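Order of the sequence lines fixes the chain letters, A, B, ..., with proteins taken first and strands second; residue numbering starts at 1 for each chain. The structure presented is a predicted model; accordingly, all values stated were derived computationally and were not measured.
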Number of protein chains: 2
Amino acid sequence: MERKKFSGSPCPIARSLDVLGDWWNPLILRECLYGNSRFDELQSWLGISRNILTRRLAELVEAELLSKQAYQEKPARFEYVLTEKGHDACLVLLALMPFGERWYFKKGQHPIELRDRETGELVKPLVIDANTGKPLDSKTLVPCPGPGFKAPKSIKERRFSEYYDSLVE
Amino acid sequence: MERKKFSGSPCPIARSLDVLGDWWNPLILRECLYGNSRFDELQSWLGISRNILTRRLAELVEAELLSKQAYQEKPARFEYVLTEKGHDACLVLLALMPFGERWYFKKGQHPIELRDRETGELVKPLVIDANTGKPLDSKTLVPCPGPGFKAPKSIKERRFSEYYDSLVE
DNA sequence: TTCAGTGAGTTCCATTATGGAACTTTGTAA
DNA sequence: TTACAAAGTTCCATAATGGAACTCACTGAA
C-alpha cells in the first residue's frame with residue numbers, strides 16, 4: 001500500500017507532514033543548511049542508501065524545498081540548494097534541537113550547537129507565541145475554525161463544531 | 001530491511017527524528033493535544049489503520065511521549081495522555097503550523113487556528129532565537145562542536161573540525 | 001437470558017518502501 | 001591507458017504499510 005498522503009487535509013500540520021513527516025527529508029535539509037549539499041556528500045554524511053537519496057532529493061525538489069543547481073558543466077555536477085520554502089522548513093528542524101537536547105543528552109552535554117555565522121554568538125531556537133512574545137505552552141491551546149473553515153459532514157468536521165462551541169460557551 | 005535509527009547520533013535533530021520522523025506519530029500527538037486521546041477516536045479522526053495505530057501508540061508510550069491511562073475499569077478503557085516530554089514535542093508540531101499555513105493555504109484562508117483556552121486569544125507559533133529574541137533566520141547559522149563534543153575518526157566527524165575551523169578563522 | 005453495541009485491540013494479506021551492494025556513465029588527471 | 005570521481009541506476013531480500021475482517025470483555029435494552 002502506498003503511504004497515506006494528507007494533501008487534502010485542512011490542517012497545516014498534516015499538510016506539512018506530507019514532505020516533512022519522514023526521517024530522511026529533514027536530515028537532508030539539515031545537511032543542505034550545513035552546507036553539505038552534493039549527492040555524495042549527503043550520502044556519506046547521512047549514511048543513506050543511494051537509491052533512497054535519489055528518490056528523496058527528487059521529492060524535495062518537486063516540493064520546492066530544494067532546487068537542483070549545476071555548480072559546473074563538463075562534467076555536469078550538481079548541488080541541492082535550499083529555496084525560501086526550504087529555509088522556512090528549516091525553522092521546524094531547528095525547533096527539534098531544544099527538544100532533542102533536553103531529552104536525549106545530559107544537560108549541557110550536547111555535542112553540537114548553532115552559532116551565528118557572523119558574530120559567532122550561540123543561537124538557541126525557541127518556540128514562542130508571536131502575539132504575546134511568551135514561550136508557547138501547548139497545555140493551554142484549543143484548535144478552532146479559522147477564516148478558511150468550511151463545515152462539511154464527516155465525523156471529522158462534526159467535531160469542529162464542538163471545538164467551536166467550547167470556545168463560544 | 002529495518003528502518004534506520006539514529007539513537008547513536010550526536011545530533012539532537014537526528015535523535016528526535018527516531019520518534020518524530022514519521023507521519024503518524026506527530027498526528028497522534030496532535031490529536032492527543034486536541035483532546036482526542038482514545039483508540040477509536042484516534043483511529044477515526046486520523047483514518048489510520050488500526051494495526052498501525054496499535055504499533056504507533058506502543059512506540060509513543062515506549063518513548064515516553066504518551067502515557068496509557070485507564071479512565072475506567074470494568075470494562076477496562078484507556079486514554080493516551082501527553083507527558084511532559086510529549087508536550088515538549090508538541091512545540092515542534094506547532095512550529096509546523098506557520099510553515100503549513102504559509103505554503104499550503106491562501107493567505108488568511110487556513111481552516112484551523114489555535115486559541116488560548118482561557119482568553120480565547122489567537123496564538124501564533126513563531127521560532128525565535130532565545131538569545132536575541134529575534135525571529136530565527138536559518139541562513140545565518142553554522143553548526144559547531146558543543147560542550148559534549150568528542151572528536152572521532154569517521155568522515156562524519158572529520159568535517160566537524162572544518163566547521164570549527166571556519167568559525168575560528 | 002439473549003442480543004446488539006462499544007471500546008480496544010489482533011490477525012491476515014497484498015502491495016510498497018527500505019537498505020545494502022554492485023553496476024553505469026561521463027569526464028578528468030596521471 | 002588506466003585510475004578516479006560524481007551522480008546516479010539496477011537488483012534483491014526483508015520490513016512496514018494500509019485495508020478489512022475478526023476477537024474479546026463487558027453493558028444496557030428487550
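- Using a 4.0 Å heavy-atom cutoff across all strands shown, B/R55 reaches at least one base atom of the nucleic acid.
- Between the CD atom of B/E2 and the C1' atom of D/dC12 there is a distance of 18 Å, given to the nearest Å.
- Mapping B/N51 and A/K68 onto DNA chain D via the closest heavy atom, the residue that lands nearer the 5' end is A/K68.
- Donor-acceptor pairing under 3.5 Å, judged by distance alone, is absent between the side chain of B/R38 and the base of C/dG7.
- A/R3 contributes no side-chain N or O that forms a donor-acceptor pair with the base of C/dA17 under 3.5 Å.
- A salt bridge is absent between A/R55 and A/E62: the closest approach of a Lys/Arg side-chain nitrogen to an acidic carboxylate oxygen does not fall below 4.0 angstrom.
- Annotation: cation-pi geometry satisfied between A/K68 and A/F78 (NZ/CZ under 6.0 angstrom from ring centroid, within 45° of ring axis).
- For the pair A/R56 and B/Y80, both in contact range of DNA chain C, the more 5′-proximal nearest nucleotide belongs to B/Y80.
- Ion pairing between A/K124 and B/D129 fails under the 4.0 Å rule for side-chain N and carboxylate O.
- The phosphate of D/dG18 (OP1 or OP2) has a side-chain N or O of B/W24 nearer than 4.0 angstrom.
- Rounded to whole Å, atom C1' of D/dC22 lies 11 Å from atom CZ of B/R50.
- In terms of position on DNA chain D, the residue among A/F78 and B/E73 whose nearest nucleotide sits closer to the 5' end is A/F78.
- The cationic atom of A/R38 (NZ for Lys, CZ for Arg) lies less than 6.0 Å from the six-membered ring centre of A/Y71 and within 45° of the ring axis.
- Distance B/E79 CD to C/dT6 P: 20 Å, rounded to the nearest Å.
- Within the structure, a side-chain polar atom (N or O) of A/W23 is placed less than 4.0 Å from OP1 or OP2 of C/dG19.
- For A/K74 and A/I48, each mapped to the nucleotide of DNA chain C holding its nearest heavy atom, the one lying further toward the 5' end belongs to A/I48.
- The B/D22 side chain lies nearest to D/dT17 when the options are D/dT17, C/dA8, D/dG8.
- In this structure, CG on A/L141 lies 5.5 Å from CG on B/L114, to the nearest 0.5 angstrom.
- Residue A/Q69 qualifies as enclosed at atom CD: its count of foreign heavy atoms under 6.0 Å is above 12.
- With hydrogens and angles left out, the side chain of B/S49 and the base of D/dG19 share a donor-acceptor pair within 3.5 Å.
- Taking the side chain of B/D40 as heavy atoms from C-beta on, and the options C/dA8, D/dG18, C/dA17, the nearest nucleotide is C/dA8.
- Here D/dG19 presents its C1' atom at 16 Å from CG of B/L46, a figure rounded to the nearest Å.
- Rounded to whole Å, the distance from CD on A/E41 to C1' on D/dG8 is 16 Å.
- Heavy atoms of A/R77 sit under 4.0 angstrom from at least one base atom.
- To the nearest angstrom, C1' of D/dA21 lies 13 Å from CD of B/Q43.
- Rounded to an integer number of Å, the gap from A/I52 CD1 to C/dG19 C1' is 6 Å.
- Counting to the nearest Å, the C1' atom of C/dG20 and the CG atom of A/L53 are 14 Å from each other.
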